[in-house]
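One structure below.
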Amino acid sequence: MRPMRRKDRAVTDPAKIRAVLAECQVCRLGLRDGDRVYVVPLNFGLAEREGKQFLYFHGAKEGRKADLIRQGGCACFEMDTGYRLQGGEQACDYTAAFRSIIGEGTVAEVTDPAEKETGLNAVMRQCTGQDRWTYDPAMLDAVGIFRLEVESLTCKEHL
């Protein structure tokens, strides 16, 4: 991933990055679609295992997103929180306060029922703050769960 230009706005402390991520409600996933890019906003959840970070998404098993994920390969993502327009005397004095995370990784469909449950619990924890749910096996089979292994990310804040 290309280095961040505004290093003065970079957040590098892992605990602070997790805190920013915890405030985000939507992750925008970018997928290659031939010579184009398809971006879709998704609910998401984070799981960490063996020093690696994974973003989980849920959705329909059919459709453009699922088809592109099944083609495999790299994906990018963006999430942000705390956006506030900050005014000025002139148009060029305006700026925005925000915190954002941008990254890249490899995305794939999850088919193992135990990992699907892990992914759904991560999504529910992000959305509701709770991660102790039970799932009907038929529902687990019906829902699409997708996992992005985070290979790189940057976090930026401008307050």
Side-chain angles (χ1 to χ4, degrees), residues 1-4 6-7 9-33 37-83 98-159:
M1 186 169 205
R2 185 176 175 171
M4 187 182 302
R6 293 292 307 261
K7 294 187 184 341
R9 295 183 181 171
V11 176
T12 57
D13 174 31
K16 190 161 186 181
I17 292 170
R18 277 189 211 93
V20 171
L21 191 141
E23 290 181 25
C24 294
Q25 296 296 309
V26 174
C27 181
R28 291 159 197 86
L29 182 66
L31 302 163
R32 181 184 305 213
D33 187 3
V37 177
Y38 176 64
V39 177
V40 59
L42 298 165
N43 293 111
F44 72 97
L46 174 71
E48 298 182 79
R49 290 188 307 273
E50 301 171 5
K52 295 181 180 180
Q53 295 178 317
F54 301 91
L55 294 177
Y56 284 95
F57 311 100
H58 79 295
K61 288 177 130 178
E62 297 84 26
R64 187 175 182 185
K65 171 187 67 200
D67 290 346
L68 294 173
I69 288 172
R70 285 188 191 106
Q71 291 174 12
C74 63
C76 62
F77 62 92
E78 185 278 342
M79 55 187 83
D80 57 80
T81 187
Y83 178 86
F98 65 91
R99 287 183 303 281
S100 66
I101 295 176
I102 296 175
E104 300 171 340
T106 303
V107 66
E109 183 176 18
V110 175
T111 57
D112 174 68
E115 188 179 2
K116 287 179 89 169
E117 192 168 331
T118 296
L120 277 172
N121 280 333
V123 171
M124 293 304 294
R125 180 176 50 253
Q126 186 73 22
C127 294
T128 69
Q130 300 174 11
D131 64 357
R132 301 273 187 220
W133 301 89
T134 56
Y135 304 98
D136 180 274
M139 191 279 308
L140 271 179
D141 186 54
V143 70
I145 302 296
F146 309 97
R147 175 194 63 239
L148 184 143
E149 182 175 343
V150 177
E151 296 168 2
S152 66
L153 69 76
T154 59
C155 182
K156 184 177 183 179
E157 78 178 353
H158 182 217
L159 302 175

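All values below come from the heavy atoms of this structure, side chains included, with hydrogens, waters and symmetry mates left out.
If you take CD1 on I69 and CD on E109, they are separated by 8.0 Å, rounding to the nearest 0.5 Å.
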Show every donor-acceptor pair shorter than 3.5 Å between a side-chain atom in residues 37-46 and any protein atom, with sequence neighbours excluded, or say none if there are none.
none

Only pairs under 3.5 Å count here: list side-chain donor-acceptor contacts from residues 135-145, not counting sequence neighbours, and write none if there are none.
| residue | atom | partner | partner atom | Å |
| --- | --- | --- | --- | --- |
| Y135 | OH | N121 | OD1 | 2.8 |
| D136 | OD1 | A138 | N | 2.8 |
| D136 | OD1 | M139 | N | 3.4 |

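Applying the side chain to side chain donor-acceptor pair (under 3.5 Å) test to E117 and every residue at least two apart in sequence or in another chain returns nothing. Residues that satisfy the side chain to side chain donor-acceptor pair (under 3.5 Å) test with D33, not counting sequence neighbours, are R64. Evaluation of the side chain to side chain donor-acceptor pair (under 3.5 Å) rule for Q71 yields no partner, not counting sequence neighbours. Residues satisfying the side chain to side chain donor-acceptor pair (under 3.5 Å) criterion with R49, sequence neighbours excluded, are Y56.
Considering only heavy atoms from C-beta on, F57 comes within 4.5 Å of L29 through its side chain. Counting only heavy atoms from C-beta outward, the side chains of E78 and R28 approach each other to under 4.5 Å. Between L55 and M79 there is a side-chain heavy-atom pair separated by less than 4.5 Å.
Around atom NZ of K61, more than 12 heavy atoms belonging to other residues, nucleotides or ligands sit under 6.0 Å away.
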CA sep, side-chain torsions, deciding dist, call: E104, E151, side chain to side chain contact (heavy atoms under 4.5 Å, CB included): CA-CA 6 Å; E104 300 171 340; E151 296 168 2; 5.5 Å; no
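Between the side chain of Q126 and the backbone N or O of L21 there is at least one donor-acceptor pair closer than 3.5 Å.
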